[in-house]
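Report on the following structure.
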Amino acid sequence: MFKMFKWGAVLLGVMLYATMAVAEKPLKPEEKVLDSPSFDVTVDDIERYMVENLPPDSTLRQGVLNRPGVYREMAENLYIIRALANEAEKQLGFDRKQAEWAGRMAYERRLMEQYRAIYIRDALAKVDWDGAALEFYRANPDRYKRGEIISAAHILVKPQGRSKQEALELANTLYERIKAGEDFGTLAKEFSDDGSASNGGELGFFQRGKMVAPFEEAAFALKNPGDLSEPVESIFGYHIIILRDRKPAGSIPFEEVKDGIIESLERKMGNQVWQDRLVQLRSSKDLQLDEEILAALRKKYVVNVGDVE
């Protein structure tokens with residue numbers, strides 16, 4: 001019995017080793033994933049296809065790469081593209097030169113966009129973004145002021161599936177239960193007909209003009225955190241509102257808006273740096289335009305309105 005167990009363990013170890021050896025076998029770029037009389041698809045093709053077509057987000061990308069059958073799909077997709085492109089080249093009237101030019105242009109545009117990101121990054125590498133954001137914040141105080149804001153939660157009872165009277169009666173019952181000491185969030189999760197129910201009815205901070213008028217009027221009328229409104233009717237149904245917090249009108253703290261300012265400055269300054277580079281290229285002394293040829297091209301292709309019937 002012991003011998004059988006021993007040999008079974010040895011065999012299992014050999015199988016595991018063999019599996020790991022296959023899994024760890026180094027891939028060569030030129031190895032053929034798909035072999036056909038006309039076209040091959042290599043490991044290099046698959047990996048470059050991934051770069052071009054898979055989402056850049058690492059989580060989404062890994063989700064695709066983990067999907068069963070995806071590597072077969074990529075190999076087959078590449079084969080189909082090449083096969084149909086070959087058929088297209090054989091069609092009468094196919095403009096190979098134009099296709100090659102368009103491919104080259106797409107390649108050059110992509111290089112330019114990649115270089116743009118690198119050029120802007122290097123040009124702005126020494127910018128003190130926190131300092132620049134604070135300077136902008138202080139220079140534009142009116143941009144960062146807000147009116148009074150409040151944080152509230154609500155329970156919404158809709159008349160759908162019940163009469164309007166039944167909805168009001170349920171809202172009144174819930175109101176009395178909360179006043180008697182039951183937890184607002186627990187009742188919101190159980191009874192509210194609103195998307196915020198899963199969060200205990202919490203709506204976060206908002207300012208005037210963001211909610212429907214009856215709701216807003218009742219919410220802003222509450223004075224102190226914990227104050228509760230009687231059921232108030234809006235176009236959505238009956239709301240029971242509880243005030244969580246209140247912040248007076250005034251300047252928005254720098255830390256609340258810093259990230260947004262930095263993002264805006266990065267975009268604006270990056271665009272300016274790139275535009276300056278384009279102007280520099282356009283005004284280069286090495287740039288020579290043949291005005292006669294430009295005029296001839298215009299004469300060849302421009303149609304006067306009067307010449308068109």
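What you see below is based on every heavy atom in this structure, not just the backbone, and it leaves out hydrogens, waters and symmetry mates. For this chain, numbers begin at 1 and follow the sequence in order.
Between Asn53 and Asn77, every side-chain heavy-atom pair lies at or beyond the 4.5 Å cut-off. Under the 4.5 Å side-chain criterion, counting only non-hydrogen atoms from C-beta, Asp193 is not in contact with Gln160. By the 4.5 Å heavy-atom criterion applied to side chains, Leu78 and Phe39 are not counted as neighbours. Residues Tyr238 and Lys164 meet the side-chain proximity criterion, which asks for heavy atoms closer than 4.5 Å. Leu228 places a side-chain heavy atom less than 4.5 Å from the side chain of Lys179. Put simply, the side chain of Pro29 does not reach to within 4.5 Å of the side chain of Val43, judged on heavy atoms. Between Met50 and Arg61 the shortest side-chain heavy-atom distance falls below 4.5 Å. Between Met211 and Phe220 the shortest side-chain heavy-atom distance does not fall below 4.5 Å.
Panel note: side chain Tyr144, backbone Arg138; no donor-acceptor pair is recorded below 3.5 Å. Without hydrogens or angle criteria, Arg67 side chain to Gly63 main chain gives no donor-acceptor distance under 3.5 Å. Of the possible polar contacts, one joining the Glu31 side chain to the Lys28 backbone as a donor-acceptor pair under 3.5 Å is found. A donor-acceptor contact shorter than 3.5 Å is absent between the side chain of Ser264 and the backbone of Gly260. Using a distance-only test at 3.5 Å, with no hydrogens or angles considered, a donor-acceptor pair links the side chain of Arg82 to the main chain of Asp40.
The shortest non-hydrogen separation linking Tyr115 to Trp274 is CD2-CH2, 4.0 Å. Here the closest heavy-atom approach between residue Ala219 and residue Leu243 is recorded as O-CD1, 4.5 Å. The two residues Ala152 and Ile241 have their closest heavy-atom pair at CB-CG2, 4.1 Å. The minimum heavy-atom distance between Asn140 and Phe136, with the atom names listed, is ND2-O, 2.8 Å.
Between the side chains of Gln272 and Asp276, at least one donor N or O lies within less than 3.5 Å of an accepting N or O. Counted by atom type alone, Asp194 and Ser196 present one or more donor-acceptor pairs between their side chains at under 3.5 Å.
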Checklist entry - Are Asn172 and Leu168 close enough, and set up right, to give a side chain to side chain contact (heavy atoms under 4.5 Å, CB included), and what steps lead you there? => result CA-CA 6 Å; Asn172 282 324; Leu168 177 58; 3.7 Å; yes
Checklist entry - What do the steps show when you test Asp45 against Thr42 for side chain to side chain contact (heavy atoms under 4.5 Å, CB included), and what is the final call? => result CA-CA 5 Å; Asp45 289 325; Thr42 65; 3.2 Å; yes
Checklist entry - Between Phe206 and Ile149, is a side chain to side chain contact (heavy atoms under 4.5 Å, CB included) present by the stated rule, with each step listed? => result CA-CA 5 Å; Phe206 55 90; Ile149 60 173; over 6 Å; no
Next on the checklist: Apply side chain to side chain contact (heavy atoms under 4.5 Å, CB included) to residues Arg116 and Asn271 and explain how you reach the verdict.
Outcome noted: CA-CA 10 Å; Arg116 181 182 188 276; Asn271 288 340; 2.8 Å; yes
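Heavy-atom neighbours of Glu148 CD from other residues, nucleotides or ligands within 6.0 Å: above the threshold of 12. Counted within 6.0 Å of CZ on Arg146, heavy atoms from surrounding residues, nucleotides or ligands total more than 12; the atom is thus considered enclosed. The number of heavy-atom neighbours closer than 6.0 Å to CD of Glu230, taken from other residues, nucleotides and ligands shown, is 12 or below. The environment of CD in Glu292 is sparse: at most 12 heavy-atom neighbours from other residues, nucleotides or ligands sit within 6.0 Å.
Each of Trp101 and Leu297 belongs to its own hydrophobic cluster when Ile, Leu, Val, Met, Phe, Trp and Tyr are linked at side-chain heavy-atom distances under 4.5 angstrom. Taking hydrophobic clusters as Ile, Leu, Val, Met, Phe, Trp and Tyr residues chained together by side-chain heavy-atom distances below 4.5 Å, Phe236 does not share a cluster with Leu170. Under the 4.5 Å side-chain contact rule for hydrophobic residues, Leu287 and Leu294 do not share a cluster.
Salt bridge status for Arg104 with Glu108: present, with a side-chain N to carboxylate O gap under 4.0 Å. Under a 4.0 Å N-O distance rule, the pair Glu89/Arg96 qualifies as a salt bridge.
Judged by the 6.0 Å and 45° rule, Arg244 forms a cation-pi pair with Phe184.
Between the CG atom in Leu27 and the CD atom in Glu30 there is a gap of 10.5 Å [rounded to 0.5 Å].
Under the 30°/60° scheme for interplanar angles, the aromatic rings of Phe215 and His239 are found to stand perpendicular.
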